[in-house]
Amino acid sequence: MERLIIYQMFPRIFSNTTADPQPWGSLERNGSGKLNDLTPKGLKAIKDLGVNCIWLTGVIEHATKSDFTAFGIENDNPNVVKGEAGSPYAIKDYYDIDPAIAVSVPDRMREFQMCVSRIHSQEMKVIIDFVPNHTARRYHSDAAPAGVKDFGSDDDITMAFSPSNNYYYIPYQQFSPSFPLDAEGDTPYVEFPAKATGNDCFTAFCGQNDWYETVKLNYGHDYGDWSDHFNPVPDTWMKMLSILRFWASKGVDGFRCDMCFMVPIQFWNWVIPQVKKDYPDILFIGEIYDVAQYRPFLTYGCFDYLYDKVNLYDTLVDIEIHNHSAARLTGAWQTVDGIGNRMLNFLENHDEVRFGSKAYAGNPARVLPSLVVSAMMSKGPFMIYYGQELGESAHDNEGFAGDNNRSTIFDYWSYDTLRRWWNAGQPGDEKLTAQEKWLRKIYRKTLTMCNAEPALREGNFFDLMYVNLQHPGFNPHRQFAFLRYTEDSVLLIIANFDTVAADVNVKIPRLAFEMAKIPEGNIVADDLLCDRSVFLNLKPDRETHVFLNPKDATVLRIK
């Protein structure tokens, strides 16, 4: 079975060619990438990285400060919109496409479906966001199928909680956050009664650090007394099932489910099997931040894959910037032992700081040990974020996002790294720096290897740290070593997280020789990252010497 290698992209930014975007710039000033820009040539260039799945982020219609009233789309009140473009997670119409990424706004759904078809023609899957926990503060669908009512249209607004309501309310109280609601535009924002804000803020007095642009959806859990009301099936459940089936019918291959743990697990147990009954191959990937919830959400919750952010990702961050020992990676895989192949690993996504940013590594060229470990420890999916392969380091101050070491999700923008590689739809390396070319080559080799090498695609894992923790020729504080193997293939993988070169003397125990059927004696191994041959002397419980440069890694095929 092929491993899932995901490329997360914002179409709004990915192909935007505006060379001089202005902070807080409007759609007219800064422009926007379009779904139609994703041509077969551009998609093939992404696929050539080793990618077999594209996550189109921010394609569902969300609240924005841009004016699309000429196309029959209601304006949003700017006082509760983050940035000029708006948050892609403040959904205002679950049945529609963001008009900013369409060349012809009236044909935006057709353009989306054509884009999906082009991605499929390159033999890649398509996933989109499913945002179940919250909507924009004002939700209205002008594209829903006949008979589908808007969220909140039948709510009893005098009740803080009712099993039949779609939202939670603060009865008889106007929404009164800590910031003004009349600072932008001609019309102050008025919400009476106030709804609970999306980050479980059950008060009318939220602050600027709350998800104030969103309101929390009600799945039948009463946060007042912590009681559940799931029978009869809540109206919100039925509405969400309809939405999932709608997008599945448009040809998408799966959903990245935003903040899935903020929705009752009983809903997932109910809805995912129903969708899979009609679309058995569709994927559900959950964004989750509680290790204790991993196994329940994979079993009872019926998810295919889950984020491994608070385990492996956070461990790699600690090793890179907080002087934690590389040996802690053993604890990371042990934490998910038995489910590791269903964990989605990554070094970047839209919520996290860029690897090369000031807040993380400070230099994207330091990525190799983290990349190799996160991509090669398991058989599970691996994901990169658009521009990561070029070393995009989020040094821009785009507007609402500010200089926060992340690539904006709120502003209309474009990035120099991507513009030069994208080259107005003629992607190539001609305009890249030497480091950018090297990085893209490293990502291409690593990601391609994940499926090309049987040991990485379907092989077993053997951690070598337990025999090297006290070994004087090996530094477990800065190096991590493991094997991946099948009946016919063995890879010795060593990562050097140190900023100095290392003569690594790694011991391979007899048990590993027996389990992986490793040949003994002098052999010539293939270094798959550097395209060179390495001479090794392999004996059970004896030292095997490998030289590694600073911030380096090696993947040695020894059988």
Between CD on residue Gln293 and CZ on residue Phe303, distance to nearest 0.5 Å: 11.5 Å

Pair His350, Tyr89: side-chain N/O donor-acceptor within cut-off below 3.5 Å: yes

Distance-only polar pair, side chains of Gln8 and Tyr386, donor-acceptor under 3.5 Å: no

Leu181 CG to Asn77 CG distance, which is reported to the nearest 0.5 Å: 8.0 Å

Donor-acceptor side-chain pairing of Glu348 and Tyr360 below 3.5 angstrom: no

Nearest atoms (heavy-atom pairs only) where Cys302 meets Pro273: SG-CG, 3.9 Å

N-O pairing of Lys276 and Asp278 below 4.0 Å: no

Chi angles and distances behind the salt bridge (charged side-chain N to carboxylate O under 4.0 Å, His left out) call for Asp403, Lys358: CA-CA 10 Å; Asp403 184 6; Lys358 300 183 291 291; 3.6 Å; yes

Side-chain donor-acceptor contact under 3.5 Å, Asp182 with Asn79: no

Within 6.0 angstrom of Met238 CE, more than 12 heavy atoms from elsewhere: no

Heavy-atom closest pair, residues Met343 and Pro381: O-CD, 3.5 Å

Heavy-atom pair of closest approach, residues Met259 and Tyr289: SD-CE1, 3.8 Å

Pair Lys216 + Asp200, salt bridge at N-O below 4.0 Å: yes

From OH (Tyr95) to CD1 (Ile243), nearest 0.5 Å: 4.5 Å

No-hydrogen, no-angle side-chain donor-acceptor test under 3.5 Å, Asn52 and Lys47: no

4.5 Å side-chain heavy-atom contact, Cys260 and Phe284: no

Minimum heavy-atom distance between Asn405 and Ala359, given as atom pair plus value: ND2-CB, 3.4 Å

Donor-acceptor pair between Trp55 and Asp129 side chains, under 3.5 angstrom: yes

Beyond-backbone contact of Asp107 with Phe112, side-chain heavy atoms, under 4.5 angstrom: no

Ring-face cation contact, Tyr212 with Lys82, 6.0 Å cut, 45° max: yes

Least distance between heavy atoms, Ile157 atom then Pro193 atom: O-CG, 3.5 Å

Any donor-acceptor N/O pair, Asp37 side chain to Lys34 backbone, under 3.5 Å: yes

Euclidean distance, Leu27 CG relative to Arg12 CZ, rounded to 0.5 Å: 9.5 Å

Distance under 6.0 Å and angle within 45° of ring axis: Arg137 vs Phe175: yes

Lys/Arg-Asp/Glu bridge criterion (N-O < 4.0 Å) met for Asp314, Lys309: yes

Over all atoms of both residues, closest heavy-atom pair of Glu320 and Ala361: OE2-CB, 3.8 Å

CG (Asn209) with more than 12 external heavy atoms under 6.0 Å: no

side-chain hydrogen bond (donor to acceptor under 3.5 Å, both in side chains) assessment of Ser414 paired with Arg419: CA-CA 7 Å; Ser414 70; Arg419 282 198 309 271; 2.8 Å; yes

Audit row: Asn218, Asn165, side-chain hydrogen bond (donor to acceptor under 3.5 Å, both in side chains) steps and yes/no: CA-CA 7 Å; Asn218 170 12; Asn165 279 358; over 6 Å; no

Proximity of His229 and Phe161 rings by center, below 6.0 Å: yes

Donor-acceptor under 3.5 Å (Asp253 side chain, Val126 main chain): yes

Test item: side-chain donor near acceptor, Asp93 and Ser141, under 3.5 Å: yes

From CD (Gln22) to CH2 (Trp24), nearest 0.5 Å: 12.0 Å

Ring-face cation contact, Tyr167 with Arg138, 6.0 Å cut, 45° max: no

Check: Tyr412 main-chain N/O paired with Asn30 side-chain donor or acceptor under 3.5 Å: yes

Modelled atom types, side-chain donor and acceptor of Tyr415 and Glu398, under 3.5 Å: yes

Salt bridge present between Asp20 and Arg29 (N-O < 4.0 angstrom): yes

Nearest-0.5 Å distance that lies between atom CD1 in Ile285 and atom CZ in Arg342: 12.0 Å

Pair Val59-Asp98, side-chain contact (heavy atoms from CB on, under 4.5 Å): steps then yes or no: CA-CA 5 Å; Val59 298; Asp98 174 16; 5.8 Å; no

Under 3.5 Å: donor-acceptor pair, side chain of Asp411, backbone of Trp413: no

